[in-house]
2 protein chains.
Amino acid sequence: MTKADKVNFSTPSGFPEFLPGEKRLEVYLLDTIRRVFESYGFTPIETPAVERLEVLQAKGNQGDNIIYGISPILPPNRQAEKDKAGETGSEARALKFDQTVPLAAYIARHLNELTFPFARYQMDVVFRGERAKDGRFRQFRQCDIDVVARRELSLLYDAQMPAIISEIFTSVNIGDFLIRINNRKILTGFFKSVGVEENKIKSCIGIIDTLEKVGEAKVKQDLEKEGVLAEQTQQIIEFIKINGTVDQVLDKLKYLAQTREAEELSIGVTELETVIAGVRNLGVAENRFCIDLAIARGLDYYTGTVYETTLVGHEALGSICSGGRYEELVGTFLGEKMPGVGISIGLTRLISRLLKAGILDTFAATPAQVMVVNMQDDLMPVYLNVSQQLRQAGINVITSFEQRPLGKQFQQAEKQGIQFCVIIGSEEAAAQKSSLKDLKTREQVEVPVENLALEIKRRLA
Amino acid sequence: MTKADKVNFSTPSGFPEFLPGEKRLEVYLLDTIRRVFESYGFTPIETPAVERLEVLQAKGNQGDNIIYGISPILPPNRQAEKDKAGETGSEARALKFDQTVPLAAYIARHLNELTFPFARYQMDVVFRGERAKDGRFRQFRQCDIDVVARRELSLLYDAQMPAIISEIFTSVNIGDFLIRINNRKILTGFFKSVGVEENKIKSCIGIIDTLEKVGEAKVKQDLEKEGVLAEQTQQIIEFIKINGTVDQVLDKLKYLAQTREAEELSIGVTELETVIAGVRNLGVAENRFCIDLAIARGLDYYTGTVYETTLVGHEALGSICSGGRYEELVGTFLGEKMPGVGISIGLTRLISRLLKAGILDTFAATPAQVMVVNMQDDLMPVYLNVSQQLRQAGINVITSFEQRPLGKQFQQAEKQGIQFCVIIGSEEAAAQKSSLKDLKTREQVEVPVENLALEIKRRLA
């Protein structure tokens, strides 16, 4: 066979690919996330990877992303079809770079077929033509939920988000985490109350958002560069550093809201209080959440509750799940105000970071729990039959078809992370028995074939 | 809010999108297919949607596909970065159009990290720039398994494929199906034995493959056009029409192989016999498979066993799962002979066809099985608490946050396919009781809150 010479078969830079044990970890995380999302009634959707370019570019605030356009490459014998494939002008198409714009398009496309509030999850891959860097990919999977209403959306939907985050990260067992909750109206209201000009507030929030990354001195400097007075800057810094228990922070905020008579601040504090009450009624453990007035979320479409989640002791990894409440995002194509609240887990990046930090470990290379080894080819009917019996009991089985030394077969099983080998020679076959070898403990026991499935399930449990 | 005027927000032609009830059906099918794949030890992988163009074009026989190239579209403020993004010449990248070429690249990329025989499944979406037609999409999901060896690959892997196909389609309950099995060596060997020239055999097999679609007369005509003599054509037609029980066909084939002294025919018949014996040892029901000598699979990389699966009574839908054995496909980038056998389910197309034919039905629009209705806002802490209790028992719950007339809330639940409503007023709350309403039977029963989860699970089972 001739080799496809000189072909560079490596993945293009920024397009990651998992080994089986890593992919199995991703599948497990996706299953867990999905289970939690569905337990709150979020329903799955998937939008195409490809949208019209005008759809992807409809929201001005996304203009900073590098989008991948697509265009058909015709084989030499089909050049005549060039005109059919439509690739320019109003026909230009491109790969989606997030799931928010496609959600807006989905809602517009199916408005009358959906029930509102519409609670959906989406776990698709998205594409960004950014320069590939450590932990930043050009193709990555995002697990998003959003609930969207046509007019009013209860703040209790905001309260459900921390409950969902908490349950996901408790289930996947990645150690202590902390959900930081804030409300953009509190920031905006406070800034107004200290006299920051209205048109500077958005950029001030953007600056606050960098606090953890760049430190207090730099934030001060940036605020002053933005034209915020030194005294105002001081008040802002003191404000966002307010800490204590959730109730202490709420008390301070309520006091501030009263004394300052700042309407937006008051509204924000009341919203936050309602959300916190809901979070508690949903049974989220007190050590899982806090109020952090420095959480702002850079994205300027958030208008109320915002969330970030950090791993305690691994804060440098950044937020592992973020989101918030918005008013004018998903109604874009309909010209309708559609309040929504959502969160997003950047799964590809998360897995890559957690593996690197040793917080998560890869799975075994195969889902098989058992290998039925091949002692002699003429017993193959027995091996196939036993394999099927185990599969019917819900056990994943590889039957070893190659006749090789037993030691090699054990090695083959162990290398893939298979825990059990079933050994049946001619005597055992005649007596309907088997030897079950546990490759972890090196223990080997004799088990009647009819009890094999039960015995393996008992040991796996 | 201003509408994003004149934006055409419809999906680009050929890029389908499911409603929630359809997507939930897809998720169910994916789960079922995955469970069966994993029960035979197939492990998941996913290759990037994007590969180097030279990789996708490395196999000449795929040159007929229209591939989508990708190129970065820079926002106006970042035009200076154009050089970084690499899009032409050796840097050209494109979307994968199948999962076979990427599998070959994956194996080349990770050769020393994989265990052989390497049994993997993959359920990614692929892209083809074909003209969008009924049931033919530009983006679609394929569920593929392949097992690949570095030297020899036992024919028992071929035997597992019908067992896997049988279990999948029995599980998803789509009615009677028939797995048609053949071996390309039998066709090639027979063609040689009647004197068809060696260089015409591939195209003859391609013609045979169209029998079901175009009928016998057209096949005859095409074979003769290809330069096959009338007498040879007659023998071929008679041959591929051989039918009967599996054993009858095998007997006829063995007799033919003996009398004709055609080596390749003999090898093919022996292979087919071994595969059939394995299929039987794996317990596949006799009415699920047959030998069909007219099954050829157009793709010219198949070298041995080939499969097609048809729905009995719906043969016009075409094959719902096909595949076969190949020798020189996945070793392309390594210049190594790597025998493999695989099958593929074109899931997007399958769902679209089965829904249209009424063979499958969509799922409910939400995974929620229960709605906890809102009788009065001040009981919300009770509703939230009850909702969490049910979720912890594995039940999917929507809590109704909006205070609306009870009838409206029932309607809202029913519209989404939710079966149960939990009703708790102040008296019930005080007594720790609830009313459970079954929207299917219209029955309503009183249940203590502590028994609610059990009662709902009993009724769901």
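Just so we're clear, the structure is a prediction, and the values are computed from it rather than from any experiment. The analysis underlying the following values was restricted to heavy atoms, covering all of them including side chains, and did not include hydrogens, waters or symmetry mates.
Ranked by heavy-atom pairs under 4.5 Å with chain A, the first of B:Ala368, B:Ala108, B:Ala105 is B:Ala108. Annotation: maximal heavy-atom pairing with chain A below 4.5 Å, among B:Asn385, B:Thr47, B:Thr11, occurs at B:Thr11. Chain B forms the most heavy-atom pairs under 4.5 Å with one residue out of A:Leu153, A:Val125, A:Leu155, A:Thr366, and that residue is A:Thr366. Interface summary for chain B: among A:Arg391, A:Lys23, A:Lys415, the most heavy-atom pairs under 4.5 angstrom belong to A:Arg391. Options A:Ser387, A:Ala104, A:Pro117, A:Gly21 differ in how many heavy-atom pairs under 4.5 Å they form with chain B, and the most are formed by A:Pro117. Per-residue heavy-atom pair counts under 4.5 Å with chain A were compared for B:Gln160, B:Glu22, B:Arg280, and the maximum is reached by B:Gln160. Interface summary for chain A: among B:Val36, B:Leu95, B:Leu156, B:Ile45, the most heavy-atom pairs under 4.5 angstrom belong to B:Leu156.
Interatomic distance, CD1 of B:Ile67 versus OG of A:Ser71, reported as 11.5 Å (0.5 Å rounding). Taking CZ of A:Arg138 as the reference point, atom CZ of B:Arg93 lies at 5.5 Å (rounded to 0.5 Å). Atom CG of A:Asn396 and atom CZ of B:Phe37 lie 13.0 Å apart (nearest 0.5 Å).
Contacts between A:Tyr157 and chain B at a heavy-atom distance below 4.5 Å involve backbone atoms as well as side-chain atoms. The parts of B:Glu38 that come within reach of chain A are both its backbone and its side chain, each placing non-hydrogen atoms under 4.5 angstrom from that chain. Within the 4.5 angstrom heavy-atom criterion, only backbone atoms of A:Pro16 (N, CA, C, O) approach chain B. If you measure heavy-atom distances from A:Asp31 to chain B, the contacts under 4.5 Å come from the side chain alone. Only the side chain of A:Arg34 comes within contact range of chain B, with heavy atoms under 4.5 Å apart. If you measure heavy-atom distances from A:Met371 to chain B, you find no contacts under 4.5 Å at all. Proximity to chain A is absent for every atom of B:Glu167, based on heavy atoms less than 4.5 angstrom apart. Interface remark: A:Tyr383 contributes no atoms to any contact with chain B (heavy atom separation under 4.5 Å). At a 4.5 Å heavy-atom cutoff, the contact between B:Phe127 and chain A is made by side-chain atoms alone. For a residue to count as touching a neighbouring chain, one of its non-hydrogen atoms must lie under 4.5 Å from one of that chain's; by this rule A:Glu26 touches chain B with the side chain only. Only the backbone of B:Phe18 has a heavy atom closer than 4.5 Å to any heavy atom of chain A.
When all heavy atoms of A:Gly278 and B:Leu384 are compared, the pair lying nearest together is O-CD1, 4.1 Å. Scanning all heavy atoms of the two residues, the minimum distance from A:Val27 to B:Pro44 falls at CG2-CG, 4.3 Å. Summarising the geometry of B:Pro72 relative to A:Ile66, their closest heavy-atom pair is CB-CG2, 3.6 Å, with the distance given to 0.1 Å.
Remark: side-chain polar atoms of B:Thr115 are not paired, donor with acceptor, to backbone N or O of A:Gln416 under 3.5 angstrom. Under a 3.5 Å cut-off, the side chain of A:Gln139 and the backbone N or O of B:Ala49 do form a donor-acceptor pair. A donor-acceptor pair under 3.5 Å is formed between the side chain of A:Gln388 and the backbone N or O of B:Leu282.
Residues A:Gln392 and B:Ser39 are not in side-chain contact: their nearest non-hydrogen atoms beyond the backbone lie 4.5 Å or more apart. Considering only heavy atoms from C-beta on, A:Glu51 stays 4.5 Å or farther from B:Ser10 through its side chain. Within the 4.5 Å cutoff, no side-chain heavy atoms of A:Pro367 are placed close to those of B:Arg35. Between B:Glu152 and A:Phe401, the closest side-chain pair of non-hydrogen atoms is not below 4.5 Å. B:Tyr40 is not listed as a side-chain neighbour of A:Ile398, based on a closest heavy-atom distance of 4.5 Å or more. Side-chain contact between B:Pro20 and A:Leu114 is present, with heavy atoms from C-beta onward closer than 4.5 Å. Residues A:Arg24 and B:Thr43 meet the side-chain proximity criterion, which asks for heavy atoms closer than 4.5 Å. Side-chain contact between B:His110 and A:Leu19 is present, with heavy atoms from C-beta onward closer than 4.5 Å.
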Trace of the salt bridge (Lys or Arg N to Asp or Glu O under 4.0 Å) decision for B:Arg141 with A:Glu46: CA-CA 12 Å; B:Arg141 193 178 297 280; A:Glu46 180 177 356; 2.8 Å; yes

Side chain to side chain contact (heavy atoms under 4.5 Å, CB included) between B:Glu54 and A:Asn8, worked out: CA-CA 7 Å; B:Glu54 59 181 321; A:Asn8 177 355; 3.5 Å; yes

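Cation-pi geometry between B:Arg52 and A:Phe9 is not met at under 6.0 angstrom from the ring centre and within 45 degrees of the axis.
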